[in-house]
Amino acid sequence: MEYHFKEIEQKWQRYWQENDTYRVEINHDKPKYYVLDMFPYPSGAGLHAGHPLGYIASDIYARYKTLKGFNVLHPMGYDAYGLPAEQYAIRTGQHPAITTARNIERYREQMDKIGFSFDWSREVRTCEPAYYKWTQWTFIQLFNSYYARDEQRARPVEELERRFATSGSSGLDAACTVELAFTAEEWKAKTWRERQEVLMNYRLAYLSDTLVNWCPLLGTVLANDEVREGLSLREGYPVVQKKMRQWLLRVSAYAGRLLDGLETLEWSESLKEVQRNWIGRSRGADILFEIAGREERVEIFTTRPDTIFGVTFMVLAPESPYASLLTTAEEAANVREYLAYAAKRTERERQTEVKRVTGVFTGSLAINPFTGESIPVWISEYVLSGYGTGAIMAVPGHDARDHAFARHFGLPIVQVIDDGEGRDVQEASLDAKSGRLVNSGFLDGQPVTEAIRRVIDEVERRGIGKGKVNYRLRDAIFSRQRYWGEPFPVYYKEGMPCPLDESLLPLELPAIDTFLPTETGEPPLGRARGWTTVEGYPLELNTMPGFAGSSAYYLRYMDPRNDEALVGDEALEYWDSVDLYVGGAEHATGHLIYSRFWNMFLHDTGRARRPEPFRKLINQGMIQGRSSFAYRLLTSADGEQWEATRVYVSREIAREAEQRGVEVLSSRLGEELAGVAAVSFQEIHVDVNLVKNDLLDMEGFKQWMPEYAGARFVTDNGKYACGHGIEKMSKSLFNVVNPDTVIEEYGADTLRMYEMFLGPLEASKPWDTRGIDGVFKFLRKFWRLFHAEGDFHASDAAPTRAEMETLHKTLKKVEQDMENFSFNTSVAAFMICANELTAARCDKRAVLEPLVVALSPFAPHVAEELWQKLGHAGSVTRATFPLWDEKYLVKEEFEYPVSFNGKVRFKLLAALSATPAEIEERVKAAPAATRWLEGKTIKKVIVVPGKMINVVSA
RNA sequence: GCCCGGGUGGCGGAAUUGGUAGACGCGCUGGACUCAAAAUCCAGUGUCCCUUAAAGACGUGCGGGUUCGAUUCCCGCCCCGGGUACCA
């Protein structure tokens with residue numbers, strides 16, 4: 001009986017569905033394990049062969065953990081709100097709900113064919129009211145909370161109100177937009193509206209007028225992680241900075257905990273590093289500078305307070321309120337002109353023209369608090385308003401940007417650190433992180449680290465500043481001017497936002513038929529009838545961004561149908577948090593930051609059991625495409641063959657192409673012809689589905705591209721060999737491999753094993769369909785072990801020692817590889833095993849049955865079929881992963897390679913327990929050794945047990 | 001610029017508390033079976049020298065070092081990939 005994968009796979013996929021094989025419930029008799037995939041955004045293109053890589057890996061691990069006796073939660077769902085569906089709706093008028101549902105159906109179909117062990121009864125879709133009810137609910141909790149820095153956790157805003165009523169703002173240590181100071185009496189005197197404005201300054205979800213990333217072509221604002229190099233990440237549209245009133249999440253309040261929490265996680269070092277950089281902690285000091293002849297004092301942030309004696313000027317960001325405040329009448333015109341210039345510059349211009357030095361003098365002088373000297377105050381766009389205080393003390397001697405500025409405007413440069421290399425700071429700045437202080441009064445001779453400490457002490461003693469930690473991480477802009485997203489559960493009273501009563505949740509997204517903004521520039525929700533008011537008050541028209549729905553979906557999977565809570569107590573208690581999370585590294589600064597923030601907040605308020613949601617994280621690499629090329633001849637000329645491109649055609653053909661204008665497509669190898677012409681050509685991407693083993697299906701190609709139907713094909717013995725290259729897998733490059741096609745030809749089990757066999761999970765690697773035969777052959781070979789005589793057969797004979805060694809060697813390797821997520825090498829171990837058992841003609845149940853169980857995570861369909869034929873009722877999922885026995889792996893004697901001074905000369909059979917002296921005797925006695933030992937004396941014998949004997953001779 | 005990761009046959013990749021480099025697979029070559037093809041099976045396959053074999057030399061990006069022994073450790077470079085950037 002042959003291996004008919006198609007029948008087998010259909011049969012078992014149906015069985016799993018009918019028997020709810022993968023349904024999982026709370027079971028207190030078993031330890032739990034939670035394996036999570038990053039759920040997909042269902043795009044119109046469907047899955048390509050690269051997408052399931054992570055799903056297959058997590059599925060293999062989930063199945064393995066189940067065999068190991070764990071109660072495994074392995075859910076799947078859809079991140080269904082998003083911009084592409086809405087952009088498509090704007091173009092075609094198709095409602096996003098319809099296209100999204102269609103795409104989901106297609107995704108599900110494709111995933112089902114791969115044979116995943118997902119518990120589909122737990123599926124979630126972020127666009128469904130029963131799901132986003134809890135997204136809205138969490139938003140209200142954020143709105144009603146503030147961050148108590150002294151307690152390092154979120155607290156209810158109500159507490160803040162009570163506190164203000166008794167003691168005003170005094171002694172409050174809370175994360176806020178601006179530091180406020182008021183008394184209890186002042187608080188009590190405020191109107192409702194004024195109080196709301198004060199509270200807004202502290203809420204974790206807050207409304208604020210800030211500079212935001214506005215993308216005019218998308219008609220919406222974007223978060224920082226959605227913008228790269230001044231362009232929108234997905235579409236590449238330009239983004240400008242614009243002051244707008246927007247919802248934000250006070251993610252920055254959690255910056256310190258987000259950073260410190262990384263130390264507790266089993267994530268790759270590189271991913272943690274990306275998050276560390278993104279959060280960007282710098283330690284330094286805030287220091288006040290007095291302004292000559294004025295009341296105002298300007299606060300700056302610096303990480304290098306030690307260099308304060310080298311401060312020769314001060315620079316303000318153009319957006320700093322001090323910029324115009326400190327401008328003198330004489331300089332007013334210049335400053336006005338500069339500020340106008342700076343306001344016009346886009347983010348992208350600023351970023352691409354970093355080397356351009358611009359600035360203007362305000363006319364004011366500040367006082368260096370340590371030297372007492374007057375220093376000019378300048379304005380320049382190289383100082384960012386959003387970081388630190390929007391003002392800096394400039395140390396041109398030891399900062400490259402300050403140096404460039406000083407040189408450009410002829411400002412003085414002073415050296416205050418000497419690193420002993422004797423470089424001239426007038427020429428280039430010396431960005432020394434070590435060295436000793438010079439020209440610095442009481443700091444002279446001090447090393448840098450000590451000087452930093454002393455300056456901070458001195459500044460604090462004099463009450464003109466304090467040590468401070470600054471973060472690069474900004475608050476997340478949380479509103480989007482679009483339709484296809486979660487509505488905010490918010491209405492406006494006296495212009496101030498109020499949360500809806502929780503009993504009104506979910507606030508459902510209304511159906512509309514035009515998805516563009518309204519004529520008055522309102523978000524699309526402005527078009528919805530019956531939407532605009534609740535109890536006579538207007539509703540928020542913005543919707544939430546994509547990351548809102550994906551920030552806590554892992555909690556919802558634990559208890560997806562609960563209508564009373566985001567997740568019920570029992571489910572939360574049992575499932576706890578995600579043990580293994582598998583997904584792409586591209587989410588490092590987006591989803592993986594927001595989720596951690598969101599979860600930490602829920603943890604603070606008792607709705608998550610742990611501060612960190614994802615204990616272990618694996619980033620699967622990208623699978624790249626392997627593009628195929630044909631070569632279209634453009635011109636011809638007599639000459640030498642073109643070695644570099646390996647395109648060979650005859651002069652005759654080249655001339656024919658030239659004269660008659662015939663399209664000529666040359667094979668990579670070309671025809672073997674006497675006369676050869678050098679030609680120039682154009683690479684044409686050929687649909688990889690028309691290419692097998694690099695050979696082109698020429699008839700198929702003509703049909704696929706009718707404009708080449710009349711083309712002349714230059715072949716090599718009738719075969720047309722394509723060139724190839726590794727590129728990103730993309731529709732436009734015709735190199736997309738669809739998993740459905742692979743399954744059709746080889747089956748899901750082969751696809752699963754081949755994706756694992758391609759290389760290490762975390763590495764990106766090219767998809768090359770040519771290699772898949774090897775894995776397919778393995779499965780067929782494995783199948784044939786049971787069908788040596790045609791029908792299924794498994795012998796009850798006792799296995800030989802060699803067969804047991806093969807079995808236990810394989811079990812040990814596979815188990816160890818599983819724990820290390822080294823799936824490619826475990827596939828290799830199975831192949832070796834099958835080769836050895838085939839050679840031994842082993843059909844023994846005692847050997848094969850454990851292998852069926854061990855193989856089942858990789859190739860579940862074929863394993864089920866064999867398990868059933870071996871006489872077991874029910875699914876192989878209920879089996880136990882076989883234990884390996886060391887006794888079959890221990891050898892008493894080893895064949896050691898024997899080396900002389902490091903060079904391997906021969907092999908020697910020696911007992912593991914032999915002493916070096918005994919081994920030395922045997923080496924001397926070995927006939928082959930004599931020629932290597934001639935005239936030499938053995939100095940010592942080094943024995944590495946089980947590995948190597950090295951003889952060191954004089 | 002800064003930070004992180006990586007460089008091993010024709011290809012994807014194995015192997016590192018320092019111990020036979022190239023597992024496994026693809027590809028290629030030869031053979032068996034076949035009228036033939038496909039499929040399957042068997043053998044070979046880092047480079048050089050060589051009719052072949054034995055033996056040997058070289059070989060994990062480059063140059064040094066430590067060691068009986070280095071793909072693995074140390075120092076100095078080169079190249080590739082990713083992240084990030086007037087963050088003071």
Side-chain angles (χ1 to χ4, degrees), chain A residues 2 228-229 268-278 280-282 284 300-304 307 315 317 350-351 353-357 380-384 386-395 398-402 404-405 431 470-474 585-586 588-589 621-622 626 693-694 724 726 753-754 757-760 762-775 777-778 780-781 784 822 824-833 835 838-839 895-907 939-954:
Chain A
E2 268 308 304
R228 202 138 299 170
E229 289 171 0
S268 73
E269 211 33 55
S270 63
L271 191 87
K272 287 194 204 178
E273 197 59 27
V274 169
Q275 289 212 342
R276 282 189 202 110
N277 292 340
W278 187 257
R281 171 150 60 194
S282 334
I300 58 92
F301 172 73
T302 178
T303 56
R304 295 298 301 274
T307 60
V315 189
R350 276 205 195 187
Q351 282 177 12
E353 299 169 28
V354 164
K355 293 215 164 64
R356 182 161 162 180
V357 179
S380 172
E381 59 182 341
Y382 84 89
V383 174
L384 306 177
Y387 184 78
T389 60
I392 61 153
M393 62 178 217
V395 187
H398 304 283
D399 180 284
R401 297 154 302 182
D402 296 345
F405 195 82
D431 297 351
N470 239 320
Y471 295 94
R472 208 186 74 102
L473 185 72
R474 308 288 166 78
E586 67 273 18
T589 55
M622 268 228 294
R626 187 176 191 274
N693 292 343
D694 280 348
H724 57 84
I726 304 301
M753 290 195 89
Y754 185 55
F757 187 63
L758 277 174
E762 311 218 42
S764 66
K765 56 241 162 193
W767 175 271
D768 186 350
T769 307
R770 291 182 308 167
I772 201 168
D773 279 332
V775 169
K777 279 187 210 165
F778 156 74
R780 197 163 48 192
K781 203 178 273 184
R784 283 183 181 166
S822 176
N824 54 332
T825 52
S826 45
V827 174
F830 277 119
M831 287 176 170
I832 296 168
C833 176
N835 286 342
T838 302
E895 196 178 44
Y896 287 91
V898 180
S899 65
F900 291 85
N901 300 329
K903 290 277 181 194
V904 176
R905 298 304 181 185
F906 63 95
K907 289 183 181 177
K939 238 162 64 179
K940 61 178 167 176
V941 176
I942 299 159
V943 179
V944 185
K947 287 193 172 168
M948 160 78 78
I949 297 168
N950 189 44
V951 180
V952 184
S953 59

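These numbers come from a predicted model, not from an experiment. Throughout, protein chains are lettered first and strands after them, A, B, ... in sequence-line order, and every chain is numbered starting at 1.
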- Message: Set out, in order, the CA-CA distance, both residues' side-chain angles and the distance that settles side-chain contact (heavy atoms from CB on, under 4.5 Å) for A:I942 and A:V952, then state yes or no.
- Response: CA-CA 8 Å; A:I942 299 159; A:V952 184; 4.0 Å; yes

- Taking for each residue the nucleotide of RNA chain B bearing the nearest heavy atom, is the 5' side occupied by A:M948 or by A:D768? A:D768

- When you match A:V952 and A:P760 each to their closest nucleotide on RNA chain B, which lands nearer the 5' end? A:P760

Rounded interatomic separation in angstrom, taking [atom1] from [X] and [atom2] from [N]:
{"X": "A:M831", "N": "B:C26", "atom1": "CE", "atom2": "C1'", "value": "10 Å"}
{"X": "A:M753", "N": "B:G25", "atom1": "CE", "atom2": "P", "value": "12 Å"}
{"X": "A:D773", "N": "B:C41", "atom1": "CG", "atom2": "P", "value": "12 Å"}
{"X": "A:F900", "N": "B:G19", "atom1": "CZ", "atom2": "P", "value": "21 Å"}

Between [M] and [N], how far apart are the [atom1] atoms? Round to whole Å, please.
{"N": "B:G44", "M": "B:G10", "atom1": "C1'", "result": "16 Å"}
{"N": "B:C33", "M": "B:G56", "atom1": "C1'", "result": "40 Å"}
{"N": "B:U16", "M": "B:U72", "atom1": "P", "result": "14 Å"}
{"N": "B:G22", "M": "B:G59", "atom1": "C1'", "result": "11 Å"}
{"N": "B:G25", "M": "B:C78", "atom1": "P", "result": "40 Å"}
{"N": "B:G7", "M": "B:A55", "atom1": "P", "result": "33 Å"}
{"N": "B:G19", "M": "B:C73", "atom1": "P", "result": "11 Å"}
{"N": "B:A54", "M": "B:U60", "atom1": "C1'", "result": "27 Å"}

Would you say [N] has OP1 or OP2 under 4.0 Å from some side-chain N or O of [X]?
{"X": "A:K777", "N": "B:C41", "answer": "no"}
{"X": "A:R780", "N": "B:A39", "answer": "no"}
{"X": "A:Y387", "N": "B:A88", "answer": "yes"}
{"X": "A:T589", "N": "B:G83", "answer": "no"}
{"X": "A:R770", "N": "B:G10", "answer": "no"}

- Query: Taking O4'-C1'-N9-C4 for purines and O4'-C1'-N1-C2 for pyrimidines, is B:G9 syn (within 90° of 0) or anti?
  - Reply: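 Here the answer is syn: the torsion falls within 90° of 0.
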
- Query: Aromatic rings A:F778 and A:F830: how do their planes relate, parallel, tilted or perpendicular, breaks at 30° and 60°?
  - Reply: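 The arrangement is tilted - the two ring planes meet at 30° to 60°.
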
- Quick one: sort the A:F906 and A:F900 rings into parallel, tilted or perpendicular, breaks at 30° and 60°.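 Taking A:F900 first and then A:F906, their aromatic rings sit tilted (interplane angle of 30° to 60°).
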
- Message: Contact between A:N824 and A:S822 at the side-chain level, heavy atoms closer than 4.5 Å - yes or no?
- Response: yes

What contact category does [X] fall into here, base, sugar-phosphate, or nothing, at under 4.0 angstrom with non-hydrogen atoms?
{"X": "A:R905", "result": "sugar-phosphate"}
{"X": "A:V315", "result": "nothing"}
{"X": "A:I392", "result": "base"}
{"X": "A:N824", "result": "sugar-phosphate"}
{"X": "A:V944", "result": "base"}

- Query: Is a side-chain donor or acceptor of A:K765 paired with a backbone partner of A:A763 at a separation under 3.5 angstrom?
  - Reply: yes

- Note on the structure: 5' to 3', nucleotides 2-9 of chain B under a 4.0 Å protein heavy-atom cut-off (B base, S sugar-phosphate only, - none) gives -SS-----

- Message: Tell me every residue that passes side chain to side chain donor-acceptor pair (under 3.5 Å) with A:E895, counting only those two or more places apart in sequence or in another chain.
- Response: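 By the side chain to side chain donor-acceptor pair (under 3.5 Å) rule, A:E895 matches no residue at all.
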
- Item | Centroid-centroid distance, A:W278 to A:Y471, less than 6.0 Å | no

- Item | Ion pair A:R784/A:E2, N-O distance below 4.0 Å |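 Salt bridge: yes.
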
- Message: Taking Watson-Crick (N1-N3 plus N6-O4 or O6-N4) and G-U wobble (N1-O2, O6-N3), each under 3.5 Å, can you produce the dot-bracket string of RNA chain B? Use [ ] for crossing pairs and | for inter-strand ones.
- Response: (((((((..(((......[....)))((((((.......))))))(((.......)))..(((((..]....))))))))))))....

